[in-house]
There are 4 protein chains.
Amino acid sequence: MKTRMRRKQERPGEILEAAFEEFAEHGFAATRLEDVASRAGVTKGTIYFYFETKERLFGEMIRHFSALLLAEVDEFLAKPSESHKERLSNFIRFVYRRFALDRKGREILRFMVADGKHFPGLVARHYADFVAPSLQRVNELVQMGIAAGEFRETPAARFGEIIMGPAVLLGIWFLVFTGQREIDVEAFVNGHIDLLLDGLRVTPSNAASPPP
Amino acid sequence: MKTRMRRKQERPGEILEAAFEEFAEHGFAATRLEDVASRAGVTKGTIYFYFETKERLFGEMIRHFSALLLAEVDEFLAKPSESHKERLSNFIRFVYRRFALDRKGREILRFMVADGKHFPGLVARHYADFVAPSLQRVNELVQMGIAAGEFRETPAARFGEIIMGPAVLLGIWFLVFTGQREIDVEAFVNGHIDLLLDGLRVTPSNAASPPP
Amino acid sequence: MKTRMRRKQERPGEILEAAFEEFAEHGFAATRLEDVASRAGVTKGTIYFYFETKERLFGEMIRHFSALLLAEVDEFLAKPSESHKERLSNFIRFVYRRFALDRKGREILRFMVADGKHFPGLVARHYADFVAPSLQRVNELVQMGIAAGEFRETPAARFGEIIMGPAVLLGIWFLVFTGQREIDVEAFVNGHIDLLLDGLRVTPSNAASPPP
Amino acid sequence: MKTRMRRKQERPGEILEAAFEEFAEHGFAATRLEDVASRAGVTKGTIYFYFETKERLFGEMIRHFSALLLAEVDEFLAKPSESHKERLSNFIRFVYRRFALDRKGREILRFMVADGKHFPGLVARHYADFVAPSLQRVNELVQMGIAAGEFRETPAARFGEIIMGPAVLLGIWFLVFTGQREIDVEAFVNGHIDLLLDGLRVTPSNAASPPP
DNA sequence: AATGAATGAGGATTCATTCAT
DNA sequence: AATGAATGAATCCTCATTCAT
């Protein structure tokens with residue numbers, strides 16, 4: 001039967017999906033494989049058929065969903081765009097979309113913060129695969145804008161983190177404070193980009209200002 | 001010896017301190033009370049003499065260290081300062097000091113992200129005690145600067161989170177990626193403030209600019 | 001081997017049997033599940049696979065062995081017998097057999113006395129399933145004997161407990177004072193029945209006697 | 001101060017009283033000394049000043065309240081009475097009063113059933129001090145009545161337990177089934193005595209009947 | 001491939017008991 | 001005499017992991 005064959009093929013993915021939900025809900029340590037299993041519609045034994053240990057399951061779950069994100073990042077970066085301003089603001093919007101507004105991306109952030117200490121390999125890979133290239137990209141965009149005379153020289157140009165900070169903070173916000181206060185996301189993003197681009201703008205008064 | 005009495009007074013604090021270290025290292029679920037006990041130099045039973053459950057211990061630990069932070073925030077806010085620029089940048093430096101560079105503040109951030117779901121009461125209190133007042137303060141400073149003609153009108157003025165984003169991100173950075181890459185903190189903070197103040201500066205070209 | 005499957009079927013019963021022995025020996029609170037497990041030839045975990053908590057194990061153990069008794073009571077009551085005297089004395093002998101001489105029945109009595117306060121549901125069920133119907137049965141037998149002119153009217157006719165008292169007392173005796181003094185059970189039962197039937201007998205002198 | 005002196009003197013008694021309540025409520029194993037202490041208005045340490053261990057406390061509590069009962073039994077037995085019928089029924093009423101209706105007496109019965117196995121010495125003493133003499137007394141009363149021609153010869157005469165059975169059963173009843181059904185105690189006791197005395201009555205038809 | 005019964009080490013919690021004050 | 005902080009052995013219960021079927 002095809003149904004069965006298809007099931008078989010889909011099993012690991014279903015388990016990873018269930019694992020994501022449970023780990024996101026309870027964190028690594030407090031998640032019970034039993035719950036992952038029943039959410040995936042299988043039994044504990046089946047999980048062990050596909051994944052050696054709870055640690056491995058966690059690791060592969062992260063790898064799996066990271067890979068999806070990674071592909072999107074690559075795809076995005078391949079796209080051409082016009083002015084440097086536009087490129088930069090597009091990238092920022094992309095980051096908001098993927099790491100703050102998208103639940104998967106956000107929860108991966110949580111996994112890093114919550115369980116990173118127990119999975120140094122994961123953290124290193126995540127850093128190498130996402131964080132470093134993304135920061136690199138931001139820095140390049142800014143440098144290119146500076147070179148083109150579109151942006152001013154600023155010490156912040158060395159720190160993509162400064163550029164991206166508010167986007168990550170919004171992700172954290174959703175992870176922790178959802179329910180405490182509503183945020184008008186559109187206005188937030190626009191405010192961020194507005195402030196940022198204004199801070200990068202070349203004007204007579206800051207054109208030649210050296211870093212303090 | 002006054003050992004007995006003196007110990008009695010000190011015990012809860014010692015246990016809280018030990019609990020902070022263990023919870024910070026392993027997270028709520030993976031922390032063993034036995035380890036907290038031996039770090040505090042007592043036995044398991046003693047912890048239960050002072051704290052009803054592991055949950056309570058965690059909660060009171062957060063409360064304890066939060067209270068210290070809260071006091072510092074209040075004290076800081078009481079201080080007068082000169083121009084609005086200076087007030088704002090002083091506050092930003094304060095936030096870096098307390099929530100990014102200081103280990104206690106940083107780890108409290110981790111607790112919120114990692115275990116907040118299990119302690120909704122703690123999250124609500126933390127929000128009410130720190131986050132809301134701090135954001136409020138930032139917004140006030142910006143508004144006052146605008147009113148004084150020192151800062152321009154910007155949609156970011158409504159979102160203290162945008163102003164503070166890079167500071168929180170640096171905290172996260174230390175929590176997760178320490179060891180992946182060194183960061184020149186001084187330059188980071190200066191870059192942040194420089195970019196921000198430039199973004200808030202009133203210039204002929206942005207004086208009346210509407211958000212793009 | 002069918003070992004696996006066969007065991008699976010038998011496990012719960014084996015655990016219940018072991019639980020009976022341990023609970024009977026030590027009472028609910030002082031029984032260690034570990035001991036139940038090793039008596040049943042399994043490990044602690046296995047008990048929890050079949051029974052949610054110690055309380056549940058206790059409850060289901062009672063339910064299990066009560067059900068056996070209940071079946072016997074029902075079966076007995078279905079049997080026809082001759083005179084009312086005979087019916088009554090047969091029933092009394094049955095009660096001795098099941099609730100005083102039989103260890104299982106006796107220990108269930110102990111469980112009610114010793115741990116009933118912690119298991120009000122069990123007590124209520126036991127009362128509804130055994131005690132009430134048995135008393136009901138006794139009362140019916142006596143009433144029928146009275147109606148048939150075989151027994152005299154007596155205020156004790158309303159209280160099956162009075163009729164059965166010595167039988168239960170013998171059960172208690174075995175529970176508590178075994179070893180203090182030997183009892184000639186046969187003579188005891190005969191003495192009880194003799195006294196009882198004589199007390200119920202219709203004679204010229206008591207035929208119409210009102211209670212003193 | 002006299003108050004203090006008096007308190008000191010009363011402490012052990014207050015502790016025993018509190019112990020009775022707690023042990024009666026929860027049984028030996030499930031009773032916490034902490035609860036006994038707070039009920040007695042002292043701290044755990046104080047209990048250990050007066051009683052070496054939990055076992056000793058239990059034992060002395062039983063001894064204490066048994067002694068009160070014992071005194072009453074002795075006192076009762078010293079009283080003269082008229083006919084043997086009356087002596088017997090008085091004694092039965094006394095037993096009802098002391099062991100079924102009186103909470104202390106009843107709960108001591110529970111202690112024997114519930115925890116007797118762990119306190120064989122207590123059981124033996126209880127048997128020697130109460131049970132044996134009481135049964136002895138009942139047997140004597142019946143024998144004397146027979147010798148006086150007031151009662152018939154019956155095999156039950158050897159078993160005071162048969163005579164007293166319903167009284168003990170009523171005690172058990174209150175211990176276990178209170179709340180399941182109300183019992184009209186007065187009618188119950190009268191029914192018991194009526195049935196018993198009728199069973200012991202000498203009539204033409206049973207005057208010479210040998211035991212079957 | 002999948003099941004789920006069984007394991008057993010691990011960890012939270014309880015509580016009788018001790019002892020410095 | 002009395003306190004109550006401290007202990008630590010005991011015990012319930014959990015859950016990752018195994019393995020016969």
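Below, read A as the first sequence line, B as the second, and so on, with proteins coming before strands; counting in each chain starts at 1.
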(request) Could you check Ala30(B) against Glu34(D) and say which one's nearest nucleotide on DNA chain E is further toward the 5' end? (result)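 Result of the comparison: Ala30(B).
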(request) Find which nucleotide of DNA chain F each of Gly45(D) and Ala29(C) is nearest to by heavy atoms, and output the residue with the more 5' nucleotide. (result)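 Looking at DNA chain F, the more 5' nearest nucleotide goes with Gly45(D).
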(request) Measure up the His126(D) and Phe177(C) rings against each other and bin them: parallel (under 30°), tilted (30 to 60°), perpendicular (over 60°). (result)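 Parallel, since the angle between the ring planes stays under 30°.
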(request) Give me the ring orientation class for Phe28(C) and Phe23(C): parallel if the planes are under 30° apart, tilted from 30 to 60°, perpendicular past 60°. (result)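 The rings of Phe28(C) and Phe23(C) lie parallel, inter-plane angle below 30°.
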(request) Please indicate whether Arg125(D) has more than 12 foreign heavy atoms, meaning atoms of other residues, nucleotides or ligands, lying under 6.0 Å from its CZ. (result)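 Enclosed.
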(request) Evaluate whether atom CD of Glu55(A) has more than 12 neighbouring non-hydrogen atoms of other residues, nucleotides or ligands under 6.0 angstrom away. (result)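 Yes, because the 6.0 Å sphere around CD of Glu55(A) holds more than 12 heavy atoms from other groups.
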Using the side-chain heavy atoms of [X], tell me which of these nucleotides is nearest: [options].
{"X": "Leu33(D)", "options": "dT17(F), dA16(E), dA6(F)", "answer": "dA16(E)"}
{"X": "Lys44(A)", "options": "dA6(E), dA16(E), dC13(F)", "answer": "dA6(E)"}
{"X": "Thr43(A)", "options": "dC15(F), dG4(E), dA6(F)", "answer": "dG4(E)"}
{"X": "Phe49(C)", "options": "dA6(F), dT13(E), dG4(E)", "answer": "dG4(E)"}

(message) If we ignore hydrogens and angles and just use 3.5 Å, is the side chain of Lys54(A) paired with the main-chain N or O of Thr31(A) as donor and acceptor?
(response)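 Yes, the answer is positive, given that a donor and an acceptor are paired below the 3.5 Å cut-off.
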(message) At less than 4.0 Å, is any side-chain N or O atom of Thr46(A) found next to OP1 or OP2 of dA1(E)? Yes or no.
(response)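 No, no such contact exists.
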(message) With a 4.0 Å limit, can you tell me whether Arg32(C) has a side-chain N or O closer than that to the phosphate oxygens OP1/OP2 of dC12(F)?
(response)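 No.
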Write down the distance between [atom1] ([X]) and [atom2] ([N]), rounded to a whole number of angstrom.
{"X": "Glu22(D)", "N": "dA16(E)", "atom1": "CD", "atom2": "P", "value": "11 Å"}
{"X": "Tyr48(A)", "N": "dT7(E)", "atom1": "OH", "atom2": "C1'", "value": "13 Å"}
{"X": "Phe28(C)", "N": "dT11(F)", "atom1": "CZ", "atom2": "P", "value": "13 Å"}
{"X": "Phe58(D)", "N": "dT17(E)", "atom1": "CZ", "atom2": "C1'", "value": "19 Å"}
{"X": "His26(C)", "N": "dA10(F)", "atom1": "NE2", "atom2": "P", "value": "15 Å"}
{"X": "Ile47(A)", "N": "dT18(F)", "atom1": "CD1", "atom2": "P", "value": "14 Å"}

Identified pairing partner of [N], criterion: Watson-Crick or G-U wobble below 3.5 Å:
{"N": "dT14(F)", "result": "dA9(E)"}
{"N": "dA6(F)", "result": "dT17(E)"}
{"N": "dA1(E)", "result": "none"}

(message) Give the residues of residues 50-57 of chain C touching DNA chain F, defined as any heavy atom closer than 4.0 Å, sorted by residue number.
(response)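 Per residue number, the list reads Thr53(C), Lys54(C).
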(message) Within the 4.5 Å heavy-atom criterion, are Lys117(C) and Arg110(D) side-chain neighbours or not?
(response)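 They are in side-chain contact.
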(request) Applying salt bridge (Lys or Arg N to Asp or Glu O under 4.0 Å), run through Glu60(D) and Arg63(D) and close with a yes or a no. (result) CA-CA 5 Å; Glu60(D) 298 209 21; Arg63(D) 186 188 305 265; 5.8 Å; no
